[in-house]
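All values below were derived from every heavy atom in this structure, side-chain atoms included, with hydrogens, water molecules and symmetry-related copies excluded.
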Amino acid sequence: MDIVSRLKIEEDSVKRFYETAVNAVIEEYAKVLAIDSLNEIIITDRLTESIKVYQYEHELIEEVTENEFGIVFGKTICDIKTNKQTVFLDAYEMLGLMDNDSLNRLYQDNEEQKREAFVHRDHLINLLIHELSHVEYNSQIITEIEFPKKNSFDLYHEGLAKIMFEEYYACRRASEVSIPFYDKSLKKIIVDIEIKVEKLVQKLRRNELKAVEFIKCFQEYLQLSLKYLCYLLGDVVSNKNVNNELKDTNIQVVIECINREFDDLYKSARASCKVIIPLSIQECVFKYYKMFGVYFFTDEYGIRIKYLDNR
């Protein structure tokens, strides 16, 4: 496994810092994570650009690496042709992975900043272990789906369910083997997404938005909020507060079911390296959709939208 630095600054000392800091974390946690398929870690100060270039060079499907609601600090890409995986990390963020002596020297005159720096380092370790947990999941866990496979709409939700559980797995694994991190910004992000979606529904009802465009935006936004919910459910600390934190949101109606099903799936994955995602997850997604007053169904003409005025 190689650690590659793609930085504008070409100083060897900077590259050695990253190699030393990241290697120290990997050596500690490689004992508990199955990461044999990890090919390389790329530390870059042009994260999104580097990911897109890598996907293009390796003829991989370009996946979303950024969105309007959050900043991406890392990403794991699996090349299914070689089963090798590459982890990308944001160079600016990873500067916080200093050892104890370095942090003590840097903040020796300010105890409050020193405490914040150590907390931030714990967060960075959690982020790095989260990405390594994706490596473990992609190489170890066999995932099957109980959903019906009738059309592109069903295939989309099959893919969504896999994304949701993989994120839950990575968050839970990282919070169990490293230091849990409760990202309190996720609640606000979910609320902001739901406000955005409510406005989309209003525009559709006023015929200010074409159905095709609405469906695309609707699914993209709610995929994000469901993924962020899985972050909260997966972390062993935030899981205890998530129901209360999201009590005034639409997504609250599916928390209990998703939490129960994914808890069972996680235990199955850890015990047997195989999971079967049940139909109830698809039903949760559709239940969440209906909270916004719309219902999707398919007929011979494609995907159709029905309004639910008695929601």
| Phe296 and Phe214 aromatic ring geometry - parallel, tilted or perpendicular at 30°/60° bounds | parallel
| query | Under 30°, 30 to 60°, or over 60°: which ring-plane class applies to His134 and His130, parallel, tilted or perpendicular? | reply | perpendicular
Tell me the closest heavy-atom pair linking [X] and [Y], and the distance in Å.
X	Y	result
Val135	Ser37	CG1-OG, 3.7 Å
Ile35	Ala30	CD1-CB, 4.0 Å
Ser139	Ala34	OG-O, 3.8 Å
Val25	Leu97	CG2-CD2, 4.3 Å
Asn239	Val242	O-CG1, 3.4 Å
Tyr266	Glu176	OH-OE1, 2.8 Å

Linking I/L/V/M/F/W/Y whenever their side-chain heavy atoms sit closer than 4.5 Å, directly or via other members, would [X] and [Y] fall into one cluster?
X	Y	value
Ile179	Ile125	no
Met94	Tyr29	yes
Val254	Phe286	yes
Met98	Phe181	no
Ile163	Val87	no

[X] and [Y]: side chain donor to acceptor below 3.5 Å:
X	Y	result
Asn23	Thr20	no
Tyr54	Thr86	yes
Asp79	Gln85	no
Tyr137	Thr76	no
Ser225	Tyr288	yes
Tyr228	Gln223	no

| task | Check the pair Val119 / His123 against side chain to side chain contact (heavy atoms under 4.5 Å, CB included), numbers first and verdict last. | result | CA-CA 6 Å; Val119 169; His123 178 206; 5.8 Å; no
Within this structure, what is the [atom1]-[atom2] distance for the pair [X] and [Y], rounded to the nearest 0.5 Å?
X	Y	atom1	atom2	result
Gln219	Leu224	CD	CG	12.5 Å
Leu204	Leu209	CG	CG	6.0 Å
Leu186	Ile193	CG	CD1	9.5 Å
Leu222	Met291	CG	CE	11.5 Å
Tyr231	Glu167	OH	CD	4.0 Å
Leu106	Gln113	CG	CD	8.5 Å

Look only at the side chain of [X] and the backbone of [Y], and say whether a donor-acceptor pair between them is shorter than 3.5 Å.
X	Y	result
Ser238	Leu232	yes
Asp90	Phe73	no
Ser178	Ser175	no
Glu245	Lys187	no

| query | Does any pair with a residue in residues 103-121 pass salt bridge (Lys or Arg N to Asp or Glu O under 4.0 Å), and if so which ones, sequence neighbours excluded? | reply | Glu111-Lys114
| request: Can you tell me which residue pairs pass the salt bridge (Lys or Arg N to Asp or Glu O under 4.0 Å) test with a partner in residues 265-286, sequence neighbours excluded? | output: Glu136-Arg270, Glu144-Lys274, Asp263-Lys267
Return yes when atom [atom1] of [X] has more than 12 non-hydrogen atoms of other residues, nucleotides or ligands closer than 6.0 Å, and no otherwise.
X	atom1	answer
Glu146	CD	yes
Gln108	CD	yes
Lys81	NZ	yes
Asn110	CG	yes

Side chains of [X] and [Y]: does their closest heavy-atom pair fall under 4.5 Å?
X	Y	value
Leu246	Leu229	yes
Tyr56	Ile51	no
Leu95	Tyr18	yes
Tyr168	Met164	no
Phe88	Ser50	yes
Cys230	Leu226	no
Ile145	Gln282	no
Thr143	Phe165	no

| task | Please identify each residue that fulfils side-chain contact (heavy atoms from CB on, under 4.5 Å) with Cys257, with sequence neighbours left out. | result | Arg260, Glu261, Ser280, Cys284
| request: Could you give me the CA-CA distance, side-chain angles and deciding distance for Val275 and Tyr169, then say whether side chain to side chain contact (heavy atoms under 4.5 Å, CB included) is met? | output: CA-CA 11 Å; Val275 295; Tyr169 180 97; over 6 Å; no
| request: Determine, stepwise, if the pair Leu38 / Lys84 fulfils side chain to side chain contact (heavy atoms under 4.5 Å, CB included). | output: CA-CA 6 Å; Leu38 178 59; Lys84 292 294 184 181; over 6 Å; no
| said: Run the side chain to side chain contact (heavy atoms under 4.5 Å, CB included) test on Asp192 and Lys196 for me, step by step, so that the C-alpha distance in whole Å, both residues' side-chain angles and the decisive distance to 0.1 Å come before the verdict. | reply: CA-CA 6 Å; Asp192 289 345; Lys196 199 98 172 178; over 6 Å; no
| query | Any salt bridge between Lys162 and Glu158, counting N to O under 4.0 Å? | reply | yes
| Reference residue Glu208; test salt bridge (Lys or Arg N to Asp or Glu O under 4.0 Å); the match among Arg205, Lys210, Arg206 | Arg206
